[in-house]
Amino acid sequence: MNYSNDKLTTVKAFPEGYGEFPYIIVRLFSAVYMQIPLQINTGYDPDLFPGSQINGIADSLVEEYRFDKYSKLHSILISRTRVIKETLEEEYQRPLLLCLVEGKDMAHYFEGEKIEFFRVIPWGGSLVTHLKKVIAMNAAHYKDSTE
């Protein structure tokens, strides 16, 4: 399915910390998605570093992950995504579809207890922050290298 359509209005206004890999996409409703940035070793200030903090990761694991997306850090990201899924489902009182996005062609979709890998990542719709502020519409959910 081709989502590119010149007649669609696109909006991209990523606040600091959003639109950078890795992140989690949560399908809230049809065509409404929430992005949760995954911050690795960035500190504890949620205003400067929004999303889920993953601290205490050795620099060697971060470096290894840059070259091997299936390294030990990938397993840590999968585990964190499972915890976030459970927490959000409890908060929303319903099953949710989540996607761990690690690159432009690397997504792990969480549905129920299953995790499936796809090279196609979520795109389009209305993308919001955890505070429901719109950060993108009808656009990629990540920053381009030119942004």
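No side-chain heavy atom of Ile121 sits less than 4.5 Å from a side-chain heavy atom of Cys99. Between Ile40 and Leu61, the closest side-chain pair of non-hydrogen atoms is not below 4.5 Å. The side-chain heavy atoms of Met106 and Phe117, taken from C-beta on, include a pair separated by under 4.5 Å. Annotation: side chain of Thr129 is in contact with side chain of Tyr18 (closest heavy-atom distance under 4.5 Å).
By the rule that hydrophobic residues join a cluster once side-chain heavy atoms approach within less than 4.5 Å of another member, Val62 and Ile78 end up as members of one cluster. Connection of Tyr92 to Leu98 is established within a shared hydrophobic cluster, with ILVMFWY side chains joined at heavy-atom distances below 4.5 Å, either directly or through further cluster members. Taken together through direct or relayed side-chain contacts under 4.5 Å among Ile, Leu, Val, Met, Phe, Trp and Tyr, Ile54 and Leu88 form part of one hydrophobic cluster. Linking Ile, Leu, Val, Met, Phe, Trp and Tyr whenever their side-chain heavy atoms come within less than 4.5 Å leaves Ile25 and Val120 in two separate clusters.
Counting heavy-atom neighbours within 6.0 Å of Lys114 NZ, excluding the residue itself, gives a total of 12 or less. Other residues, nucleotides and ligands contribute over 12 non-hydrogen atoms within 6.0 Å of the CD atom of Glu91.
Atom OG1 of residue Thr81 and atom CD1 of residue Ile24 lie 3.5 Å apart, to the nearest 0.5 angstrom. The NZ atom of Lys72 lies 9.5 Å from the OG atom of Ser60; values are rounded to the nearest 0.5 Å. Atoms NZ and CG, from Lys104 and Asp144 in turn, are 6.0 Å apart once rounded to the nearest 0.5 Å. Distance check: Tyr109 OH to Leu100 CG gives 11.0 Å after rounding to the nearest 0.5 Å. Rounding to the nearest 0.5 Å places CG of Leu38 at 5.5 Å from CD1 of Ile84. The line from CD of Glu111 to CD of Glu116 is 7.5 Å long, rounded to the nearest 0.5 Å.
Minimum interatomic distance between Asn55 and Asn41 (heavy atoms only, all atoms of both residues): OD1-CA, 3.3 Å. Minimum heavy-atom separation, Phe14 to Ala140: CZ-O, 3.7 Å. The two residues Gly51 and Ile36 make their nearest non-hydrogen contact at CA-CG2, 4.1 Å. Contact detail for Leu28 and Met34: the closest heavy-atom pair is CD1-CB, 3.9 Å. When every heavy atom of Ile115 is checked against every heavy atom of Phe110, the shortest pair comes out as CD1-CE2, 3.4 Å. Nearest heavy atom pair, residue Pro37 against residue Tyr23, reads CA-CB, 4.1 Å.
Between the side chain of His141 and the backbone N or O of Gly124 there is at least one donor-acceptor pair closer than 3.5 Å. Judged purely by atom type and a 3.5 angstrom limit, Glu102 has no side-chain atom pairing as donor or acceptor with the backbone of Phe21. The backbone N or O of Glu113 sits nowhere less than 3.5 Å from a side-chain atom of Arg82 that would complete a donor-acceptor pair. Side-chain atoms of Glu89 come within 3.5 Å of backbone atoms of Leu96 as a donor-acceptor pair (strictly under, hydrogens ignored).
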Test log, rule side-chain contact (heavy atoms from CB on, under 4.5 Å), inputs Ile57 and Tyr65: CA-CA 11 Å; Ile57 304 297; Tyr65 180 74; over 6 Å; no
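Under the 6.0 Å distance and 45° angle rule, Arg94 counts as a cation-pi partner of Phe29.
Aromatic ring orientation, His74 versus His108: tilted (interplanar angle from 30° to 60°).
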